[in-house]
Amino acid sequence: MLSPDLARIRSFKVVPSLPEPLKPLLDIANNMWWSWHPEAVNLFMRLDRELWQQTNHNPVKMLGMLPQKTLETMAKDEGFLSSLEKVLENFENHMKRTPWLDRTDHKPGDFKVAYFCSEFGLTECFQIYSGGLGILAGDHLKSASELGMPLVAVGLLYRHGYFQQYLNADGWQQEYLPDLDFANLPVTRVRNEDKQQLKVKVEMPGRDVTCGIWKVQVGRIPLYLLDTNMPENDVADRAITGQLYGGDMEMRIKQEIVLGIGGVRMLNALGIKPDVCHMNEGHSAFLALERIRDLIEEKNITFDEACSLASAQNVFTTHTPVPAGIDRFPPDMIKRYFKDYIGNVKLDMEGLLALGRENVFNKNEFFSMAVLAIRTSDWANGVSKLHGVVSRDMWHNIWPHVPRHEVPITHVTNGVHARTWLSGDLSNLLDRYLGSRWQNDSADHSVWQAVEEMPDEEIWDVHESRRQRMILWARRQLRKQMKQRGASEEHIRDVCDGLSAKNLTIGFARRFATYKRGNLILRDAERLLKLLRSTDKPVQFLIAGKSHPADGGGKDLIRQIVQFARQSNVAHRIVFIENYDMHVARYLVQGCDVWMNNPRRGMEASGTSGMKAALNGVLNCSIMDGWWDEAYESDLGWAIGRGEEYANPEVADDIESKSLYDLLEKEIVPLFYDRDDHGVPRGWVKKMKRCISQLAPMFNSNRQVQEYAEKLYLPALRRTRVLEKDNLKEAISYTHQNYRLRDNWDKLYVESVDAATESPLGVHDSLGVSSIVYLGDLKPEEVRVQVYSGQVGNDGELLTGNAFDMDVAEDLGDGKYRFIGSINAGTSGRYGFAIRIVPGGLNFEGMVIPGLILWEQPATKPQAAEPAPEQTEAVEQN
Ligand SMILES: *Cc1c(COP(=O)(O)O)cnc(C)c1O
């Protein structure tokens, strides 16, 4: 090796030189579009199957390695050239397809969404992802391309990606870091007019860090990546983008500064002006500060004024249901990294720290990236219906006195990208029975109805061949793994042969974190062994998943499984496949019969592997958590438990593992092996069809992207346009109105309320309510006085609640006004209501502002005291 310290090394790039007729292959290879089009993958495979595998399915690398002879032969192969032409035509059609928004009633005009994420899972040869979050982001981009969404993505280019896994002889996880070869990946340097790589700088304590800009094209969507491995930086800084989720807290904050602040600067350098910024998880939340800095610099306004506008543009998606999953930095660390920066955003240090604290007065509270994201985004969501509820509970402290269900965090349930995860065989079958619409309008329920009409035999045939292919692949993997571990040839043969292509095969692949309970199935060894050792109705498990290198508990789960299999002589029935990645995932979600998921309830935000399985007709058997809580129906899969939550984890493990064994013994195994004369399990196939037709359109990333657009991007765009017009006139007036409300809020109170509550009301009658409120210096149009009503529980609490605006009826002088309104009871029962005041005016509509809500106080308390009314504390929906 010759180190660049010893000699000046001049580098240049060598690209594959292809004969003219094959040149289009380069265009295809350099756009990730190929990765979700089996016909494009087939082209590369036809060139050289061996090389395709050897390069870990990397067309750029493979094209550079093809022998001259192959190139010459293929350049004359009519069949190949005509396939190439067809693929090229599909590619071009994809790139110019009419955008979805142009086919709807939304007419947003020109706009741009910038989507920030710390990882992107696009395909296996480009490992800048770790798991669920990255793959979700990758699927988001693919669907955005299909839908023609005006979106650009921002991420980091990790030199080593995420760690690779193998197991030692004891079943203990070992890790190593690959070195990604960017020159042979579909990623290119972005250059300026002088052919130099475009760069931006971010400040770190005492120095600037230079970040180079790279680009990956994902269909129509550009993904820009930042890279600190630049000659300008010292060794330590060059390693900032070295490893995904590696290193300590210090490394994490550096990466997040590069992603958030560097990301915004990168877009500026590229001349891209996003209207909406989407923080996919809190890692990128520093972007809000940089957007504010830009606005302040450009318009010479205050922090609060800039923040009003920036927040209107920001969308924050939270992915974690547990506080432990959130990045938090000690105040001292923030002080160190931001002491110079705060001047640019016209904040003092306490002001900055408060942005990341749930309780802004607690000086010891750590700085949370999720809280920063929430406080600087007017739009926030969780990633499943249940996770929406969990998130509102988790963050309701930020909006004191607001009923839980009104905490402004909505949900957009995750989806998966159909063409990425659906097997080629099933795709072909769908093409035949559903036509091509399922490919382009994959979120349309009506398209998928035809699955129900497909002949059982054909679906079952396709599924059996997928299982068989998976088993053949699993044997190859297993042989490789066992050889590496030094197993004897005899033992290898026993295990590989023992794995059967006919057995009921259960897949369990996910991150090995303790809450996912990878060892739950081992809880009653006897019952498990009976299932595994059955001679007429055998069950086998394929298991995969990485554990974070620092998570000893997670690694131990893997070890327990491997050792159990070995010690009980069922190594051919419980097989652990190493190095879970998109490639492994694809085989498993396409070839297993059942997809098992048994996390502790409430810990799984959504989960997406089960959706990939469902798309392929692989039936889910899962705890009622995450997406399954909203997807489950008895005719398309199985639920472990009914959504109970247990205080004692041991009890939960006992009950839920029993429930799992019961399901397997009494329902799953018998149904799978119940065959008719043609060997088809009719009942099983019926469930498969139901599963595909119901779940494929729903848990689909095209639906997901459309929903993000309708629920979040477009409302953000509308609000932004209002606030920014006339040189930010409304943003500034909104900010100052906020001050005015805050200055006066403590003085407001509800003086009296009048309603005829003594005599019962008919179901469809309405109850008139009148209330006198004191507004001090505020005018009635500056507030909304509302009746908040719903059904009352046994302790006098409101179980549900809806708010209706009251109208001002009379100015009583001295700051007092009489408001009137009415309540309609839809059903009979016991109802109640409370009167409250929230901010009024157009720009406040739909906004829930922390601290600006006032309820009529309980009779026993003096008026205008600390507002904490019992009847609303207990209000909880769901
Ligand atoms: C889909 C996928 C995940 C996420 O699956 P979960 O169900 O959320 O655990 C993780 N890793 C890989 C490789 C995947 O393909």
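For reference, positions follow the sequence shown, starting with 1. Order of listing sets the numbers, starting from 1, for every ligand and every atom in it.
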### Query
What part of Trp421, side chain from CB on, backbone N/CA/C/O, both or neither, has a heavy atom under 4.0 Å from ligand 1?
side chain
### Query
Would you call Glu578 and Arg485 a salt bridge, using N to O less than 4.0 angstrom?
yes
### Query
Which ligand 1 atoms, with their elements, are less than 4.0 angstrom from a heavy-atom of Lys516?
9 (O)
### Task
Consider every N or O of Glu604 and every N or O of ligand 1, then say whether any pair is closer than 3.5 Å.
no
### Summary
Of all heavy-atom pairs linking Ala40 and Trp33, the shortest is CB-CZ3, 4.0 Å
### Message
Within ligand 1, which atoms have a heavy atom of Gly607 less than 4.0 Å away?
### Response
7 (O), 8 (O)
### Message
One residue to check: Ile135. Relative to ligand 1, which of side chain, backbone, both or neither has a non-hydrogen atom less than 4.0 Å away?
### Response
side chain
### Task
Provide, to 0.1 Å, the distance between atom 7 (O) of ligand 1 and the closest protein heavy atom, together with that atom's residue and name.
Ser609 OG, 2.6 Å
### Query
Where does Asp581 meet ligand 1, judged by heavy-atom distances below 4.0 Å: at the side chain, the backbone, both, or neither?
backbone
### Task
Using only heavy-atom distances, determine whether the side chains of Glu656 and Asn598 contain a donor-acceptor pair under 3.5 Å.
no
### Task
Please determine if Lys612 has a nitrogen or oxygen closer than 3.5 Å to a nitrogen or oxygen of ligand 1.
yes
### Query
Backbone N or O of His411 within a donor-acceptor pair of the Lys711 side chain at under 3.5 Å?
yes
